[in-house]
There are 2 protein chains.
Amino acid sequence: MQNGDQEVPSQPRHSDKAAGAYTLAEQIGYLLRQANQRHVAIFTSRMNEKLTTTQWAALVKLRDLQPCSQVNLGRETAMDVATIKGVVDRLAKRNLVRTAPDTTDARRLVLTLTEEGEAAVARNLPVANDISEETLSTLSSAERAMLAELLRKIS
Amino acid sequence: MQNGDQEVPSQPRHSDKAAGAYTLAEQIGYLLRQANQRHVAIFTSRMNEKLTTTQWAALVKLRDLQPCSQVNLGRETAMDVATIKGVVDRLAKRNLVRTAPDTTDARRLVLTLTEEGEAAVARNLPVANDISEETLSTLSSAERAMLAELLRKIS
DNA sequence: CTGAAATCATTTGTACACAAAACAAAGAAA
DNA sequence: TTTCTTTGTTTTGTGTACAAATGATTTCAG
């Protein structure tokens with residue numbers, strides 16, 4: 001089978017940058033996953049009381065929004081309904097979040113921070129700042145701002 | 001309870017940038033999670049045959065490394081041993097990856113792509129390029145390079 | 001007012017992600 | 001060779017993450 005028409009570029013139905021050069025380590029998805037992994041690792045090792053990144057996000061956001069429905073908290077923290085439910089359930093079990101039916105709208109579940117929840121947020125805010133700081137420690141001030149802007153642009 | 005000593009800055013045991021201004025949406029962890037979410041959403045909607053980002057990473061990397069042990073593939077794709085096992089198991093069940101005991105080292109599990117696996121990679125490479133392209137579509141060429149470099153720097 | 005559409009919550013099922021522990025096999029040091 | 005250490009794999013348990021379906025409630029249009 002002699003091949004003679006292999007290199008003829010037909011109309012590109014796909015973006016073929018350099019045709020065939022697909023390096024996993026250069027793909028944006030891989031880079032995002034890696035960077036996120038490192039951040040989570042830093043977070044996990046630094047955050048004292050076994051709070052996950054998502055749990056922390058929910059607590060911090062709830063502090064600003066409370067009282068707040070579960071779905072709304074999910075929206076504000078970029079979590080799926082099923083995900084936010086799991087997160088809230090675990091936080092409620094640990095007595096950091098209080099849940100109560102809404103007296104006005106029977107569909108809603110009203111969330112508030114407990115005393116303990118408020119305290120946990122207050123106590124860990126400096127830690128959270130340190131975590132962000134360490135994650136970005138290899139970047140200059142300008143680079144940090146640039147990274148934040150670029151991430152926002154693609155979100 | 002009158003408060004009079006609230007604003008006195010004691011020695012900062014933590015990095016307090018503007019003391020108390022912690023905005024979730026500005027934190028690097030949140031931005032990374034958001035950007036990754038959007039990329040995964042694009043990937044999921046575009047990739048035809050129900051391949052996940054991780055499964056795709058494993059397939060592509062295995063193509064270059066095969067034959068290759070399971071743990072090694074995990075290392076090369078930044079996956080935990082438990083994670084890579086799950087991914088490989090699912091790919092093997094779908095006949096995209098073949099597993100066999102290593103004749104030299106009885107500990108190792110040797111992985112190779114099946115014919116079907118090779119075909120799946122070849123068939124979807126253009127799609128994968130499109131996915132990366134769409135993820136970065138709001139950025140200029142220079143911005144893409146900058147983002148990649150910054151992500152690498154913090155990884 | 002009533003039926004359709006939208007919203008909120010829950011459940012189910014699949015798939016990462018990682019810590020920790022257990023075990024077998026290989027390699028190195030004594 | 002025998003012991004110690006390292007390496008590869010598997011298993012268990014917890015916690016995101018999301019699609020899809022279900023049911024209850026509210027809102028809105030007619």
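Each chain gets a letter, A, B and so on, in the order the sequences are listed, and its residues count up from 1.
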Which value, rounded to the nearest 0.5 Å, describes the distance between Ile131(A) atom CD1 and Gln27(B) atom CD?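 One gets 9.5 Å once the value is rounded to the nearest 0.5 Å.
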Report the distance from atom NE2 of His39(B) to atom CG of Asn36(B), rounding to the nearest 0.5 Å.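 Nearest 0.5 Å value for the NE2-CG distance: 7.5 Å.
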[X] versus [Y], closest heavy-atom pair with distance:
X: Leu91(B); Y: Ala58(B); answer: CD1-CB, 4.1 Å
X: Ala120(A); Y: Leu96(A); answer: CB-CD2, 4.2 Å
X: Trp56(B); Y: Val121(B); answer: CH2-O, 3.6 Å
X: Leu139(A); Y: Arg144(A); answer: O-NE, 3.1 Å

Taking only Lys NZ, Arg NE, NH1 and NH2, and the carboxylate oxygens of Asp or Glu, determine whether [X] and [Y] approach each other closer than 4.0 Å.
X: Lys85(B); Y: Asp89(B); answer: yes
X: Lys61(A); Y: Asp64(A); answer: no
X: Glu49(B); Y: Arg123(B); answer: yes
X: Arg63(B); Y: Glu118(B); answer: no

Please identify the 5'-most and 3'-most nucleotides of DNA chain D with any atom under 4.0 angstrom from a heavy atom of chain B.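 In short, chain B contacts DNA chain D from dT7(D) to dC18(D).
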Under-3.5 Å N/O pairs linking protein and nucleotides 22-29 of chain C:
residue : atom : partner   : partner atom : Å
dA26(C) : OP1  : Ala106(B) : N            : 2.9

As a check on the pairing definition, encode DNA chain D in dot-bracket form, counting Watson-Crick and G-U wobble pairs whose two distances are under 3.5 Å, and using | for partners outside this strand. ||||||||||||||||||||||||||||||
What integer distance in Å separates Arg33(A):CZ from dC16(C):P?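 It is 10 Å, rounded to the nearest whole Å.
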Just the rounded figure in Å: distance from P of dT14(C) to CG of Asp80(A).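 Those two atoms, CG and P, are 17 Å apart.
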In [range], what residues come within less than 4.0 Å of DNA chain C, judged by heavy atoms?
range: residues 82-92 of chain B; result: Ala82(B), Thr83(B), Val87(B), Arg90(B)
range: residues 44-61 of chain B; result: Thr52(B), Thr54(B), Gln55(B)
range: residues 67-77 of chain A; result: Ser69(A), Gln70(A), Val71(A), Arg75(A)

Backbone N/O of Arg108(A) and side chain of Ser69(A): donor-acceptor pair under 3.5 Å: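 The answer is no, because no donor-acceptor pair under 3.5 Å joins these two groups.
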